[in-house]
Amino acid sequence: MTPTRENTRDRFHLFVDGVKDYAFIQFDGANRVTDWNAGAERLLGYTEAEILGCPGDIFFTPEDRERGMPEQEVVTARERGTAEDERWHIRKDGTRFRASGVMTRLCDDHGNLAGFAKVFRDVTEREQVRERLQRSLVEKDVLLREIHHRVKNNLQVIVSLLGLQARYIQDPGALASIEETTNRVRAIARIHEALYGNSDLASIHFSSYLNQLVQDLTAFYDVSQRIETRVSAAPVTLDIDLAVPLALITNELICNAMKHGFPDRENGSIVVEFAMSEGGGRLTVADNGIGLPPGFDAFRAASMGFNLIRILAEQLEAELEVQSSGGTQVVVRFPPT
């Protein structure tokens, strides 16, 4: 037996009415309710007798009605065929819920507008989960920012304590060690300061950091009048796990150049270059000073500075290249991370 059009409609109506988790509502061309299912009654709280003939904006919040959102939804559905939205709606008892749905234009057999159908469901729980997650992320962001701020402050306290300790040290070698340690701590403090000021708390703008590091060391050694410094680094963002060892390596190389590269010269230059590519990264610190001592082997040197550079390079799985001709140039090549 071939099903009639009426039988098909009856079965479809039974199917729609049996869906409890979705609200199905039909409207006439004037956007008044003409039919709805049990899911709509359960979600919105109105009986069919109460809701038939009511305007479609009855489910919208007062503020959305004031903004003309119900009319805009109808206009969009009429012109485009469908209108999707996700917004807060209001039940008969005045409680609000978040709903996601779509309104569809209905046409008769001649293509004329016959009304609209809307299907939507309650997504309040999902929205609440999203809001809780958002609050949690904000709280985590605040906490991480505060941690970086406190670490920076604690490191600055250590720098101050080292400065106080240096006043009581007479031995030149011990004083030099204190100064080197101070600059290492300051370099790490700058990392946390950069992280604190960055929107991404796990990475820093390394080119900006390099410029600030060079400025700090130039001021610390008071060499701005006789040593010209230049930083050439494309804007790049580095993860903290890469930024910290590179910062310490750069700090050591610049300190060595400023302390030992120009003992008998009135002027000189130090150039810091940094670049990243798909094949990895390249850090270069070069000066036009006196160069390394004859027979000096940077890979076997016992000094704290070069030991630290080697250890950090191994941590990065980097290659070190040291040249001493017309000055000193150290290149650190590291693989992509």
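- For the pair Ala77 and Ala83, the tightest heavy-atom approach, listed with the atom from each and the gap, is N-CB, 3.8 Å.
- With values rounded to the nearest 0.5 angstrom, Asp57 atom CG is found 13.0 Å from Glu66 atom CD.
- Considering CD of Glu71 and CZ of Arg65, their distance stands at 10.0 Å, rounded to 0.5 Å.
- Follow the hydrophobic side-chain contacts under 4.5 Å out from Tyr46 and you never reach Phe60; the two are in separate clusters.
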Review point. Under the salt bridge (charged side-chain N to carboxylate O under 4.0 Å, His left out) criterion, do Glu73 and Arg80 qualify, and how do the steps go?
Key: CA-CA 10 Å; Glu73 182 179 56; Arg80 301 181 182 179; over 6 Å; no
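- No donor-acceptor pair closer than 3.5 Å links the side chain of Thr95 to the backbone N or O of Arg91.
- With values rounded to the nearest 0.5 angstrom, His260 atom NE2 is found 9.5 Å from Ile290 atom CD1.
- Using a 4.5 Å heavy-atom threshold, the side chains of Ile204 and Thr237 count as separate.
- Between Arg67 and Glu63 no salt bridge is recorded (no basic side-chain N to carboxylate O distance below 4.0 Å).
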Exercise for review: Using the side chain to side chain contact (heavy atoms under 4.5 Å, CB included) rule, take Ile227 and Thr218 through it: C-alpha gap first, then chi angles, then the decisive distance, then the call.
Suggested key: CA-CA 8 Å; Ile227 298 179; Thr218 300; over 6 Å; no
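- Under the 4.5 Å side-chain heavy-atom criterion for grouping Ile, Leu, Val, Met, Phe, Trp and Tyr, Ile240 is connected to Val236 within one hydrophobic cluster.
- Judged by distance alone, with hydrogens and angles left aside, the side-chain atoms of Asn211 form a donor-acceptor pair with the main-chain N or O of Ser207 at under 3.5 Å.
- Between the Arg105 side chain and the Arg78 main chain, a donor and an acceptor come within less than 3.5 Å of each other.
- Ion pairing between Asp216 and Arg190 holds under the 4.0 Å rule for side-chain N and carboxylate O.
- Side chains of Leu283 and Val272 form a contact here, defined as non-hydrogen atoms less than 4.5 Å apart.
- Smallest separation of non-hydrogen atoms from Ala313 and Ile249: N-CD1, 4.1 Å.
- Panel note: side chain Asn288, backbone Thr328; no donor-acceptor pair is recorded below 3.5 Å.
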Exercise for review: Please step through side chain to side chain contact (heavy atoms under 4.5 Å, CB included) for the pair Leu217 and Cys255, ending with a clear verdict.
Suggested key: CA-CA 7 Å; Leu217 293 175; Cys255 286; 3.7 Å; yes
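- Ion pairing between Arg126 and Glu86 holds under the 4.0 Å rule for side-chain N and carboxylate O.
- For the residue pair Arg32 and Thr34, no side-chain donor N or O sits within less than 3.5 Å of a side-chain acceptor on the partner.
- With sequence neighbours excluded, no residue forms a side chain to side chain donor-acceptor pair (under 3.5 Å) with Asn154.
- Nearest heavy atom pair, residue Ile25 against residue Ala40, reads CG1-CB, 4.1 Å.
- Aromatic ring pairs are classed by plane angle as parallel below 30°, tilted from 30° to 60° and perpendicular above 60°; the pair Tyr209 and Phe206 is parallel.
- A salt bridge links Arg87 to Asp85: one of the charged nitrogens lies within less than 4.0 Å of a carboxylate oxygen.
- Looking at heavy atoms from C-beta onward, Trp36 lies in side-chain contact with Leu44 at the 4.5 angstrom threshold.
- Clustering ILVMFWY residues whenever any of their side-chain heavy atoms sit less than 4.5 angstrom apart, transitively, puts Leu308 in the very cluster that holds Val322.
- For Thr124, the side chain to side chain donor-acceptor pair (under 3.5 Å) partners at least two apart in sequence or on another chain are Asp122.
- The closest side-chain heavy-atom distance from Val129 to Arg132 is below 4.5 Å.
- For the atom pair CZ (Phe306) and CG (Leu320), the distance works out to 9.0 Å, reported to the nearest 0.5 Å.
- Residues Arg98 and Glu125 are not paired through a salt bridge, judged by the lack of any N-O separation under 4.0 Å between the basic side chain and the carboxylate.
- No more than 12 heavy atoms of other residues, nucleotides or ligands sit less than 6.0 Å from atom CD of Gln225.
- Although no hydrogens or angles enter the test, the distance criterion places a donor-acceptor pair under 3.5 Å between the side chain of Asn37 and the main chain of Phe24.
- The two residues Phe262 and Gly268 have their closest heavy-atom pair at CE2-CA, 3.6 Å.
- You'll find the side chain of Gln329 reaches within 4.5 Å of the side chain of Thr284, heavy atoms only.
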Review point. When you look at Gln156 and Ser160, which way does the side chain to side chain donor-acceptor pair (under 3.5 Å) test go after all the steps?
Key: CA-CA 6 Å; Gln156 287 177 335; Ser160 298; over 6 Å; no
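- Under the side chain to side chain donor-acceptor pair (under 3.5 Å) criterion, Glu50 pairs with Thr47, Lys92, sequence neighbours left out.
- Defined by atom type and a distance below 3.5 Å, a donor-acceptor pair is missing between the side-chain atoms of Arg150 and Asn153.
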Exercise for review: Before giving the answer on side chain to side chain contact (heavy atoms under 4.5 Å, CB included), spell out for His89 and Arg96 the whole-Å C-alpha distance, their side-chain angles and the decisive distance to 0.1 Å.
Suggested key: CA-CA 6 Å; His89 286 282; Arg96 299 189 177 206; over 6 Å; no
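- In this structure, Ala114 and Asp108 approach most closely via the heavy-atom pair CB-N, 4.0 Å.
- With a 4.5 Å cut-off on side-chain heavy atoms, Val330 and Glu321 do not count as touching.
- Linking Ile, Leu, Val, Met, Phe, Trp and Tyr residues whenever their side-chain heavy atoms come within less than 4.5 Å leaves Val332 and Val271 in two separate clusters.
- Side-chain contact check for Glu317 versus Phe334: every heavy-atom pair is 4.5 Å or farther apart.
- Side chains of Gln212 and Ser208: a donor-acceptor N/O pair is absent below 3.5 angstrom, by distance only.
- The nearest pair of heavy atoms linking Ile178 to Leu162 is CG2-O, 3.6 Å.
- Here the side chains of Lys259 and Glu180 are in contact, with some heavy-atom distance below 4.5 Å.
- Distance check, rounded to the nearest 0.5 Å: CG of Asp28 to CG of Asp35 gives 12.0 Å.
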Check your understanding: Checking side chain to side chain contact (heavy atoms under 4.5 Å, CB included) for the pair Ile51/Ile58: CA distance, chi angles, key distance, verdict?
Key -> CA-CA 9 Å; Ile51 201 64; Ile58 191 173; 4.0 Å; yes
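- The side chain to side chain contact (heavy atoms under 4.5 Å, CB included) test with Phe274 is passed by exactly one of Val285, Thr250, Leu238: Leu238.
- Using the six-membered ring where Trp is involved, Phe59 and Phe120 have ring planes that are tilted, between 30° and 60° apart.
- Val33 is not connected to Leu106 by any chain of hydrophobic side-chain contacts under 4.5 Å among Ile, Leu, Val, Met, Phe, Trp and Tyr, and they are in different clusters.
- Atoms OG1 and NZ, from Thr82 and Lys118 in turn, are 12.5 Å apart once rounded to the nearest 0.5 Å.
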